[in-house]
Amino acid sequence: MGIFAEIIVDNQSSNTDTLYTYKIPFDMKDRVKIGMRVMVPFGKGNKSLQGLIINITNSINFDEKKLKNISDIIDEDPILSKELIELGIWMRREYLAQYIEVFKTIMPTGITQKVKQCIYLLDSAEEKMDDIQSNNQKKILDYLKENNGESLENLKKHLEINHIHSSIKSLINKGIIDIETKIEQEVNKKSEKFVLKLFDNENMSEALKKINSRAHKQKEIIIFLKDYSVIKLSELIEMTNSNNSSIRALEDKKMIKIVDQEVTREILNKEFNKTNNKILTEEQRICHEIIYDSIIKEFDDKFLIHGVTGSGKTEVYLQLIEKVLSEDKQAIVLIPEISLTPQTVERFVSRFGKKIAILHSKLSLGERYDQWRKIKEGKVDIAIGARSAVFAPFSNLGIIIIDEEHENSYKSSMNPKYDTIKVAEKRCELESSVLVLGSATPSINSYYLAKNGVYNLIEMNKRANNQNMPDVKIIDMRYELEKGNKSIISEDLYSEINSSLNNNNQVILFLNRRGFSTFISCRKCGYVEKCPHCDISLTYHKNKGWLKCHYCGFAKKPPEICPDCESKYIKYFGIGTQRVEEIVKENFEKNPVERMDLDTTSKKNSHEEILNRFRNKKVDILVGTQMISKGLDFPNVTLVGVVAADLTLNLPDFRASERTFQLLTQVAGRAGRGEDKGSVIIQTYDPNHYSILYAKQHDYKGFYEEEIQLRKAFNYPPFTNIISIVFSSTNQKSLENITKRVSDVIIKNIEYKNSKFDINNSIVGPNPAPIPKIKNKYRWQILVKANDKDLNMIKNIIYWVCIKNKYNIPINQITISIDINPNSVI
DNA sequence: AGCACGCCGACT
DNA sequence: GTCGGCGTGCTC
């Protein structure tokens with residue numbers, strides 16, 4: 001009904017991050033809808049820009065005469081539903097991002113179109129040309145004589161003219177040239193040639209007679225086509241070993257016809273055997289029933305399934321999806337990028353066939369676009385993918401399942417820096433869908449919310465096939481050193497590897513070498529330097545030779561002898577998987593060893609190839625990072641060794657214990673999946689740390705209770721929110737100045753809004769960031785702790801200071817990155 | 001972010 | 001009158 005449209009324009013600038021109002025021309029009135037993309041004139045030059053319609057309205061508080069008209073409609077139908085638009089608007093506020101950033105995340109990259117401004121000489125140009133005085137204008141006309149209709153972009157590139165716009169404008173005014181806007185679809189639908197058979201099998205012999213007796217190939221093709229009515233041209237050529245000319249000849253004889261047919265680029269080209277529902281265990285059945293109840297009642301309930309490794313969560317997901325589909329609704333399944341392997345996808349495809357779209361980061365633009373369109377057009381009912389699949393454009397969403405919900409890849413590190421779980425929650429609320437989170441080791445945050453009634457908690461404590469949990473042995477590496485074993489492999493681990501290999505079983509060795517910094521620790525007593533204020537291990541900063549706390553800025557020189565036991569075996573730790581691989585190879589010369597980490601899996605299928613070699617027993621020992629810690633199911637693996645549990649434990653992050661517990665539990669879950677009982681060996685210098693002890697006992701709840709106490713005592717999430725603001729610039733001096741000015745203004749504003757706010761304990765910094773320089777840019781950081789009550793107030797202040805620049809601080813000289821509840825503060 | 005516009009100085 | 005350089009301010 002409305003006559004005005006509120007539009008986001010495709011102009012990436014914080015200054016244009018608002019809704020712009022345009023008039024809807026009378027003839028477009030019935031076609032324009034919310035969620036459509038349109039073309040609008042923008043700015044003084046009326047440059048044609050893409051816009052997304054957010055709202056249509058009758059009333060404006062604006063001078064109507066100033067409004068411009070929408071110039072064109074791009075989409076026949078809206079590409080975003082009202083719910084997804086609302087979700088985007090919510091995300092913008094929640095994560096302090098721009099409209100454009102948010103909607104480019106929600107829409108597939110492959111769908112954005114390019115706009116070209118093409119410049120044409122008018123018919124009458126020749127006569128008027130002689131009057132031109134300006135050299136620049138002459139240059140433009142000369143160029144256009146050769147390249148009529150060339151794009152403005154290319155004109156700029158080829159003719160180095162400074163004020164090209166004013167020259168072009170005066171040429172337009174003189175009636176010599178004209179600009180036309182062309183929309184270019186960046187991704188084209190892929191089409192493929194198919195061969196149709198135009199004869200019946202009965203009169204095949206008749207058809208054969210018409211073919212020259214020397215044309216053997218054509219006859220062969222006709223005979224081959226007996227079993228097909230339609231076949232891909234490429235396939236036909238390959239199968240009959242023929243070429244295009246014989247096929248064209250047959251087409252001329254009207255025996256076959258070649259047609260273009262649009263295809264979606266197929267990702268799953270393998271055929272999978274169909275699997276059927278398994279009979280659920282009692283625990284699975286109860287879990288299924290509770291959630292199913294919410295689905296049919298169309299409640300937007302949220303569930304957290306805490307199920308031990310091997311408890312069969314996936315089977316529950318599968319049967320829930322089946323129910324959702326039978327209600328004519330659709331399902332989204334989110335999986336961490338790292339475990340989005342063909343094996344995972346296979347479980348879904350083998351149950352539901354090809355009504356599945358798969359979205360992940362390694363897809364090409366075209367592939368992504370195709371998957372997105374299949375969802376949009378209702379050709380599939382299930383979308384599986386990494387975090388961005390949460391935006392899959394289903395029209396009647398029934399359920400979102402987030403597997404391994406504790407994984408940190410669910411938090412985006414790019415703008416908008418969204419948390420997939422929160423976004424999924426919001427989307428489920430908007431669309432009355434059910435949210436299911438699942439994990440063997442839920443994040444402390446999610447479990448806390450479940451315990452406090454935000455999520456419905458469902459526990460699954462038994463393994464589905466009644467296997468026992470593997471035995472876990474903790475090896476005290478300090479003792480190992482005392483015994484004179486300076487190797488990174490303890491005697492116990494060595495002998496267990498030996499016996500596993502002798503029994504023809506396989507071994508996984510795990511070492512999580514991540515992050516940039518090393519910590520220092522005493523090899524005799526295990527002492528680790530910690531910050532006296534923060535209960536977090538200090539990080540060794542190589543450039544300054546200091547030990548430093550990343551939370552409060554505390555710093556000291558590293559000790560030369562251990563402050564605890566006075567030993568001089570102070571060690572800077574820094575082993576990685578590569579060194580482990582080397583050492584294992586030296587020790588077990590006869591057994592093939594392979595390493596799987598980011599370095600060895602950069603090629604497209606290398607991930608799968610390594611796992612296949614391991615599955616086929618071409619490899620006996622697999623060394624790897626967390627890549628090997630989840631979802632893999634190798635029945636021959638009886639031993640899992642954790643080379644150094646301390647690596648994650650001593651990361652300077654309040655989530656270090658949580659990460660360690662999760663990793664150890666997940667890794668341990670890889671052992672003993674077949675008939676033989678598995679065992680796990682954890683090597684550590686800190687054998688009494690609670691996260692290691694609880695992991696040994698497979699005791700999640702015990703770990704949770706202890707960890708949540710610490711979080712409360714030190715006021716960390718989930719009891720507070722952490723906002724990290726990182727400032728960066730190549731200019732060290734101005735960076736420090738500006739950062740301090742911004743920081744002051746923020747603090748003053750917070751104090752003004754809430755005089756009771758505990759500035760001292762809630763704001764850390766400004767300090768040089770834990771990584772003070774990346775790619776030649778210096779970095780400073782402010783950390784703000786904000787409870788739920790203050791969060792919006794503080795976010796608002798940050799918005800006005802750091803984004804809208806209300807206080808005229810020269811922030812345009814630096815880059816500001818705001819992360820709300822970041823994965824880690826490093 | 002672009003882009004126009006205005007102002008200035010330099011060059012024909 | 002034309003051209004380049006640079007700072008400022010706006011975009012429905």
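Numbered from 1 within each chain, the chains take letters A, B, ... in sequence-line order.
Against DNA chain B, the stretch residues 85-93 of chain A makes no heavy-atom approach under 4.0 Å.
Salt bridge absent: A:D790 and A:K753 never bring a charged side-chain N and a carboxylate O closer than 4.0 Å. Taking 4.0 Å as the cut-off between side-chain N and carboxylate O, A:R427 and A:E83 do not count as a salt-bridged pair. Of the charged side-chain nitrogens involved, at least one lies within less than 4.0 Å of a carboxylate oxygen, so that A:K795 and A:E94 count as a salt-bridged pair. Taking 4.0 Å as the cut-off between side-chain N and carboxylate O, A:D10 and A:K104 count as a salt-bridged pair. Salt bridge A:K417/A:D819: absent, no basic N to carboxylate O contact under 4.0 Å.
One can place CG of A:L49 at 14 Å from P of C:dT11, the figure rounded to the nearest angstrom. One can place CG of A:D17 at 16 Å from C1' of C:dC10, the figure rounded to the nearest angstrom. Residue A:N805 contributes atom CG, which lies 15 Å from atom C1' of C:dT8 at whole-angstrom precision. Atom P of nucleotide C:dT11 and atom CE of A:M39 are separated by 20 Å, given to the nearest angstrom. For A:N812 and C:dG7, the CG to C1' distance is 13 Å, given to the nearest whole Å. Residue A:Y99 contributes atom OH, which lies 19 Å from atom P of B:dA1 at whole-angstrom precision. Following rounding to the nearest Å, A:N15 (CG) and B:dC3 (P) show an atom-to-atom distance of 15 Å. A:D10 places its CG atom 12 Å from the C1' atom of B:dG2, with the value rounded to the nearest Å.
In summary, the aromatic rings of A:F727 and A:Y778 are positioned with their centroids too far apart to meet the 6.0 Å limit. Aromatic pair A:F391/A:Y418: ring centres closer than 6.0 Å.
Comparing B:dA1, C:dC12, B:dC3 against the side chain of A:T16 picks out B:dA1 as the nearest. Nearest to the side-chain atoms of A:K47 among the listed nucleotides B:dA1, B:dC3, C:dC12 stands B:dC3.
In this structure, A:Y22 reaches the sugar-phosphate backbone alone: every heavy-atom distance under 4.0 Å involves primed, P, OP1 or OP2 atoms, never a base.
Dashed line: the shortest gap from a side-chain N or O of A:K44 to OP1 or OP2 of B:dC3 is not under 4.0 Å.
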